[in-house]
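To start, the structure under review is shown below, and the notes come after it.
Just the heavy atoms: all of them, side chains too, but no hydrogens, waters or symmetry mates, feed the values below. Order of the sequence lines fixes the chain letters, A, B, ..., with proteins taken first and strands second; residue numbering starts at 1 for each chain.
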Amino acid sequence: KKRVRLSEVIQGVDQGYRTIYAELSAGGEGELEMEDPSDPLKGGLLIRARPLGKKAARLEQLSGGEKSLASLAFIFALQRYDPSPLYVLDEVDMSLDGINAENIGRMLRRNSTKAQFIVISLRKVTLKWAEHLFGVTMRGDGMSRVVGLRLDDIVDVDERELAKVA
Amino acid sequence: KKRVRLSEVIQGVDQGYRTIYAELSAGGEGELEMEDPSDPLKGGLLIRARPLGKKAARLEQLSGGEKSLASLAFIFALQRYDPSPLYVLDEVDMSLDGINAENIGRMLRRNSTKAQFIVISLRKVTLKWAEHLFGVTMRGDGMSRVVGLRLDDIVDVDERELAKVA
Amino acid sequence: MYLKKLRLHNFKSFAGTTEVPFSTGFTGVAGPNGMGKSNISDSILFVLGPPSSKALRADRLTRLFFDGGKTGKPATECEVSLIFDNTDRALAIDMDEVEFTRYVKLAPGNPDGYYSYFYVNGRRSTQGEMDALLSKARLSADGYNIVQQGEINRIIVMSPLERRGLLERLA
Amino acid sequence: MYLKKLRLHNFKSFAGTTEVPFSTGFTGVAGPNGMGKSNISDSILFVLGPPSSKALRADRLTRLFFDGGKTGKPATECEVSLIFDNTDRALAIDMDEVEFTRYVKLAPGNPDGYYSYFYVNGRRSTQGEMDALLSKARLSADGYNIVQQGEINRIIVMSPLERRGLLERLA
Ligand SMILES: Nc1ncnc2c1ncn2[C@@H]1O[C@H](COP(=O)(O)OP(=O)(O)OP(=O)(O)O)[C@@H](O)[C@H]1O
Ligand SMILES: Nc1ncnc2c1ncn2[C@@H]1O[C@H](COP(=O)(O)OP(=O)(O)OP(=O)(O)O)[C@@H](O)[C@H]1O
Ligand SMILES: [Mg+2]
Ligand SMILES: [Mg+2]
């Protein structure tokens with residue numbers, strides 16, 4: 001019945017989350033846990049994330065980038081267990097340093113064999129992993145336009161190239 | 001009395017905000033406005049921001065980067081009217097594209113003749129405007145350390161550093 | 001299945017009609033601040049997501065009509081279509097292509113001030129029928145497959161009960 | 001006046017004693033995720049800001065003690081000192097240098113479980129005395145001169161009354 005089914009789902013997503021978080025955090029440990037292990041319908045679902053080399057800490061103490069990594073691991077774990085055909089992610093790399101953003105870009109590329117990913121980003125380290133690239137621009141008349149871009153168009157998206165596209 | 005003083009402060013900060021927002025938005029228009037112009041102690045303080053080439057819109061419709069620009073213009077306007085000796089800004093460039101982040105970096109450098117700015121950032125376009133640079137690091141034992149950095153240490157924080165690790 | 005085309009008509013900063021062709025796999029969307037990138041994800045939510053405008057940074061649905069730009073007159077309607085390749089029949093419709101459309105039109109006579117209609121392959125559809133189709137194909141916007149700007153850390157910040165709710169939808 | 005040195009002792013991820021010398025002008029703080037950058041701004045707020053720990057991502061003050069790292073024992077106290085150059089006498093103290101210190105120590109006997117003491121140039125000071133000194137020098141943390149990670153857009157999102165409150169403090 002409902003309890004058994006939910007329990008299976010939680011275990012399934014937890015399996016994926018453990019693996020994916022370990023990979024994204026380069027050796028950290030994460031897991032999902034029921035507040036009430038005896039009854040999944042009683043308590044809520046806890047999420048744990050312990051970055052490499054650190055003692056377990058409360059979630060709120062984690063840094064902005066560490067929280068994003070755990071969130072992304074959770075999303076990828078949901079996808080692994082029960083994939084959606086389409087993911088639309090808007091600036092999910094906003095708090096990530098260059099290395100973590102690169103790893104997310106690589107994982108998005110890997111996972112996009114099984115689902116379609118539309119990813120909005122300002123970061124070239126993320127965008128360079130895309131197979132297709134669109135630029136959204138406005139010419140000073142308040143009307144948005146979408147243009148096809150090639151990777152070299154944004155190879156320096158943090159600098160002069162943005163002015164050319166805009 | 002209290003009403004007159006508050007009215008002066010609002011007018012003073014508004015003056016600065018109009019100028020600074022126009023500069024940061026490269027020609028947009030912003031202003032502060034009392035909900036009740038006849039009595040500053042009755043209503044609250046509204047903030048308006050209309051980016052270049054666009055019709056005036058409700059604040060919530062603005063993009064993430066546009067909201068940050070307006071917020072930063074407000075902070076600089078507060079500084080212009082009544083400077084604090086110390087500003088500590090943590091990832092205020094998080095939503096800004098490369099060009100806007102560069103402009104904020106330049107304005108921070110300009111305003112730092114009159115106040116001390118400690119600015120945490122992941123973006124080299126912002127950090128390159130700093131006069132002094134610290135790196136915060138951890139060696140895998142969970143203990144933070146602060147090291148002096150030179151600009152070339154992070155000149156390719158989105159690239160060369162990544163290649164070393166990846 | 002995959003989204004093969006997005007059509008926007010007078011939706012937020014997209015004046016007139018804009019068609020965006022998509023491919024399978026990983027598509028990146030780039031561009032300076034304020035150009036309309038998040039408005040594109042708003043347009044997808046407009047069709048697949050909850051009917052209210054709050055998630056789309058608009059206090060009412062009529063705020064979603066293109067506002068006319070600096071000097072023009074505001075539009076009085078907007079429409080977004082999502083055209084999916086359905087060759088794998090992930091959607092329970094026997095068609096290789098399925099188009100979901102939402103159309104909102106100014107109607108000062110109406111209590112809310114507008115009409116809001118949903119269509120599947122051109123035929124009027126209730127929100128309930130759409131939800132049934134979408135959720136069976138795992139396309140509804142409630143499973144954390146659509147993450148809006150600034151929302152990525154919500155999974156960490158949300159209450160344990162809310163987080164359990166995300167998994168209950170898979171059960 | 002300017003902050004010339006920050007001293008952290010067992011504060012969050014800063015084990016033992018760390019001294020950071022600052023200069024006038026624009027200092028950038030860089031580094032990968034999770035290294036302790038925001039913990040530095042937390043340490044400044046710990047001394048200059050509201051006494052509660054909530055703004056510092058800690059549910060209680062004792063959570064701010066260095067936790068011992070992977071294998072060590074947690075600290076039972078922490079201290080942060082802000083040393084300001086006061087040659088311009090922006091602070092109403094006739095000294096070229098002014099040091100503000102906050103010291104929190106585990107005290108299981110106490111109702112909250114800890115002591116929290118403030119010092120100015122080594123002498124015990126009440127929060128009220130500190131606030132008076134700081135606000136006259138425009139150094140209090142309530143004027144939007146300290147912007148935490150993720151908070152930059154609060155000015156836009158806050159209510160008009162709250163925004164007016166920011167300017168009332170300058171009046
Ligand atoms: N109904 C409308 N008509 C015209 N323009 C609109 C309408 N609604 C919103 N806009 C404009 O769309 C712009 C925001 O677009 P959007 O949020 O998609 O930007 P973005 O590309 O995501 O930028 P960022 O990188 O800063 O997040 C705003 O300038 C806003 O004024
Ligand atoms: N009391 C404590 N003892 C030891 N470590 C702690 C303590 N409190 C917090 N931390 C650790 O500090 C780290 C967060 O540091 P901080 O928020 O300063 O990172 P950051 O450099 O700002 O990263 P980001 O770029 O992601 O924002 C977390 O990993 C957290 O576990
Ligand atoms: Mg956006
Ligand atoms: Mg941080």
Side-chain angles (χ1 to χ4, degrees), chain A residues 2 5-6 9-10 13 35 40 43-47 59 64 67-68 70-72 74-75 78 81-92 94 108-109 112-113 116-121 126-127 129-138 141-146 149 154 157 162 165-166, chain C residues 1-3 12-16 18 20 22-41 44-45 48 66-70 84 90 137-139 143-157 159-168 170-171:
Chain A
K2 193 173 177 194
R5 179 73 196 118
L6 179 58
V9 172
I10 291 167
V13 179
E35 275 183 317
L45 177 65
L46 301 170
I47 180 170
L59 275 185
K67 284 172 180 150
S68 290
S71 288
L72 285 158
F74 187 81
I75 291 170
L78 288 176
Y81 184 79
D82 189 17
S84 180
L86 173 64
Y87 292 83
V88 183
L89 308 178
D90 194 347
E91 292 199 33
V92 294
M94 152 188 294
L108 285 168
R109 179 67 174 261
S112 65
T113 53
Q116 186 180 24
F117 281 86
I118 297 172
V119 177
I120 297 168
S121 173
T126 305
L127 293 166
W129 289 96
E131 294 163 280
H132 324 283
L133 207 53
F134 284 117
V136 186
T137 186
M138 243 187 218
D141 54 4
M143 299 179 187
S144 292
R145 290 166 183 80
V146 182
L149 288 181
I154 57 149
V157 87
L162 278 172
V165 177
Chain C
M1 72 176 294
Y2 66 96
L3 179 68
K12 299 188 84 178
S13 56
F14 288 85
T18 307
V20 188
F22 284 98
S23 315
T24 55
F26 182 176
T27 296
V29 179
N33 292 138
M35 299 289 99
K37 305 181 297 296
S38 297
N39 290 348
I40 287 178
S41 70
I44 293 171
L45 268 172
L48 300 182
F66 173 65
D67 66 11
K70 191 145 194 206
F84 287 93
R138 294 287 179 265
L139 247 192
Y144 236 88
N145 50 327
I146 300 187
V147 182
Q148 294 183 280
Q149 191 165 352
E151 298 292 298
I152 182 60
N153 287 356
R154 278 236 63 225
I155 292 176
I156 300 299
V157 161
S159 74
L161 278 169
E162 204 183 336
R163 197 176 298 118
R164 185 188 94 195
L166 285 180
L167 267 56
E168 281 177 289
L170 308 185

- Item | Region of C/Gln149 that comes under 4.5 Å of a non-hydrogen atom in chain A | both

- Residues C/Glu168, A/Leu6; criterion side-chain contact (heavy atoms from CB on, under 4.5 Å); working and verdict: CA-CA 6 Å; C/Glu168 281 177 289; A/Leu6 179 58; 3.7 Å; yes

- Item | Residue selection (most heavy-atom pairs with chain A, distance under 4.5 Å) from C/Ser41, C/Ala15, C/Ser23 | C/Ser23

- Taking all heavy atoms of A/Gln116 and all of C/Leu3, pick out the closest pair and write down the distance. OE1-N, 2.7 Å

- Expected output: side-chain A/Glu131 to main-chain C/Phe26 donor-acceptor under 3.5 Å: yes

- Working to the nearest 0.5 Å, report the span between CG of C/Asn145 and CG of A/Leu78. 9.5 Å

- Euclidean distance, A/Leu89 CG relative to C/Glu151 CD, rounded to 0.5 Å: 13.0 Å

- Query: With a 4.5 Å limit on heavy-atom distance, are the side chains of A/Glu35 and C/Arg164 in contact?
  - Reply: no

- side-chain contact (heavy atoms from CB on, under 4.5 Å) between C/Thr18 and A/Ser144, intermediate numbers included: CA-CA 9 Å; C/Thr18 307; A/Ser144 292; over 6 Å; no

- Measure distances from C/Leu170 to the heavy atoms of chain A and classify the residue's part below 4.5 Å as side chain, backbone, both or neither. both

- Among the options A/Asp141, A/Leu46, A/Leu59, A/Ile47, pick out the one with the most heavy-atom pairs lying under 4.5 Å from chain C. A/Ile47

- Message: I'd like to verify something: which residue of C/Gly36, C/Gly68, C/Ser159 has the highest number of heavy-atom pairs under 4.5 Å with chain A?
- Response: C/Gly36

- Structural part of A/Met143 lying under 4.5 Å from a heavy atom of chain C: both

- Proximity breakdown for A/Thr113 and chain C, heavy-atom pairs closer than 4.5 Å: neither

- Check: A/Ile75 and C/Ile152 side chains under 4.5 Å, non-hydrogen atoms: yes

- Query: Within the side chain of C/Thr27, is there an N or O that forms a donor-acceptor pair under 3.5 Å with the backbone of A/Ile118?
  - Reply: no

- Message: Does any part of the side chain of A/Asp82, heavy atoms only, come nearer than 4.5 Å to the side chain of C/Arg138, both counted from C-beta?
- Response: yes

- Message: Quick check on C/Asn33 against chain A: is it the side chain, the backbone, both or neither that has a heavy atom closer than 4.5 Å?
- Response: side chain

- Task: For each of C/Leu166, C/Val157, C/Leu139, C/Ile40, tally heavy-atom pairs with chain A at distances under 4.5 Å, and name the one with the top tally.
- Result: C/Leu139

- Toward chain C, the part of A/Val92 with a non-hydrogen atom under 4.5 Å: both

- Message: Restricting to non-hydrogen atoms, name the atom on C/Ala30 and the atom on A/Leu149 that form the minimum distance, rounded to 0.1 Å.
- Response: CB-CD1, 4.3 Å

- Among A/Gly142, A/Ala130, A/Gly43, which residue forms the greatest number of heavy-atom pairs with chain C at distances under 4.5 Å? A/Ala130

- Proximal component of C/Thr24, with respect to chain A [non-hydrogen, under 4.5 Å]: backbone

- Message: Going by side-chain contact (heavy atoms from CB on, under 4.5 Å), name the residues that satisfy it together with A/Ala70, two or more places apart in sequence or in a different chain.
- Response: A/Tyr17, A/Tyr21, A/Ala49, C/Ile156

- Most heavy-atom pairs under 4.5 angstrom with chain A, which of C/Gly25, C/Ala137, C/Gly150? C/Gly25

- Query: Does a side-chain heavy-atom distance below 4.5 Å link A/Thr137 with C/Met35?
  - Reply: yes

- Message: Looking at C/Arg163 and A/Leu45, would you say the former's side chain and the latter's main chain have a donor-acceptor pair under 3.5 Å?
- Response: yes

- Item | Most contacts with chain C, counted as non-hydrogen pairs under 4.5 angstrom, among A/Ser71, A/Ser84, A/Ser112 | A/Ser71

- Message: I'd like to check the salt bridge (Lys or Arg N to Asp or Glu O under 4.0 Å) partners of A/Arg109; sequence neighbours left out, ordered by chain and number.
- Response: none

